[in-house]
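We count ligands from 1, going down the list as the structure has it; atoms in each ligand are counted the same way.
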Amino acid sequence: MTLYGGVEMGGTKCVCALGTAPDDLGEEVRFATTTPTETIARIIAYFQSAPVPLTGIGIASFGPVDPRRRSAAFGTILTTPKPGWANVQLVDPIRQELGVPVGFDTDVNGAALAEYHWGAARGLDTFVYMTVGTGIGGGVLVNGIPLHGLLHPEMGHIRVPHDRQRDPFPGTCPYHGDCLEGLAAGPAIHQRWNQPAETLPADHPGWSLEAHYLALAVVNYIAVLSPQRVIMGGGVMEQVHLFPRIRSEVRDLLNGYIQVPELLERIDEMIVPPALGRQAGVLGAIALAREAAD
Ligand code: ADP
Ligand code: ZN
């Protein structure tokens, strides 16, 4: 019998589950991400309690990480500001204790992989998966393979035009100030308007500014990567009214330069929410486990 284990390693919580696919996914188990020693021990204990020996394990982690299989640092969380977590090796202790192949990638690459196998990106050879939550991240899959390159893309830290007359907010990114994440992630919305993003009414001017920044980002991703679809998830994208605003502004910004139906009459299918919703994270880890086992 084949059974995989998946962990979605977040900065605040870990979500673990056993399964093989969306229609065969056990109950999710969550616990707080505390110290590395304690958290890794809980993950190991959870997988050891599986009803049958696991065929593989996948970890989809907050980053930055080293996801390059041939790198000596494969499986490590790199320069995170989260106390105690910089340079923590996640894969080795889990592989040693469980004795099974362990797949590892960023949380967004994991979610992108899940959408590719089971969700909104089935059959696409090139697409972008983007998340707008506590941070902004993105992954690119080409023929089902996440782009790694140096380490992995940092699609939230791109620079977008910042009109300080329209938006005097300086941005929240500790590295760049007003990069995309600094201007448009959930905490930036919260600080700019002094209230949590989820409490801003749909007609608040903050949302047209948000759609503007996200549209600028999507236009840049389209220009550089030529994706067949851009999937946008994360807490902030629960504001579904953002989708029509982003689509319309993307079309305006491109100004007819790229003449394909996907960006014109079919733009509703081009810029879309994730089909797997909140399950994409842990399913991404299951997808990484399957790949490691293969
Ligand atoms: P994380 O990025 O930590 O995994 P989320 O994707 O839920 O988790 O992102 C959390 C951020 O998204 C917070 O800044 C929060 O204010 C914002 N957020 C969560 N839900 C909503 C919502 N329904 N509408 C707008 N913003 C939201
Ligand atoms: Zn930044």
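- Expressed to the nearest 0.5 Å, how far CD1 of I231 lies from CZ of F127 amounts to 5.0 Å.
- For the pair T134 and A185, the tightest heavy-atom approach, listed with the atom from each and the gap, is O-CB, 3.7 Å.
- Taking 4.5 Å as the limit, some side-chain heavy atom of L54 sits within range of a side-chain heavy atom of L18.
- Minimum heavy-atom separation, P274 to E115: CB-OE2, 3.1 Å.
- Every protein residue with a heavy atom nearer than 4.0 Å to ligand 1 is included here: G133, T134, G186, P187, A197, E198, G234, G235, V236, E238, Q239, R278.
- Here the protein contributes H157 ND1, C173 SG, H176 ND1, C179 SG as N, O or S atoms under 2.8 Å from the Zn ion (ligand 2).
- Between the side chain of H176 and the backbone N or O of G182 there is no donor-acceptor pair closer than 3.5 Å.
- Between P67 and N109 the shortest side-chain heavy-atom distance does not fall below 4.5 Å.
- Between the side chain of W193 and the backbone N or O of A188, no donor-acceptor pair lies under 3.5 Å.
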Kindly list each side-chain donor-acceptor pair under 3.5 angstrom involving residues 281-294, sequence neighbours excluded, with atom names and distances?
none

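- The list of salt bridge (charged side-chain N to carboxylate O under 4.0 Å, His left out) pairs with a residue in residues 160-169, not counting sequence neighbours, reads R164-D178, D167-R192.
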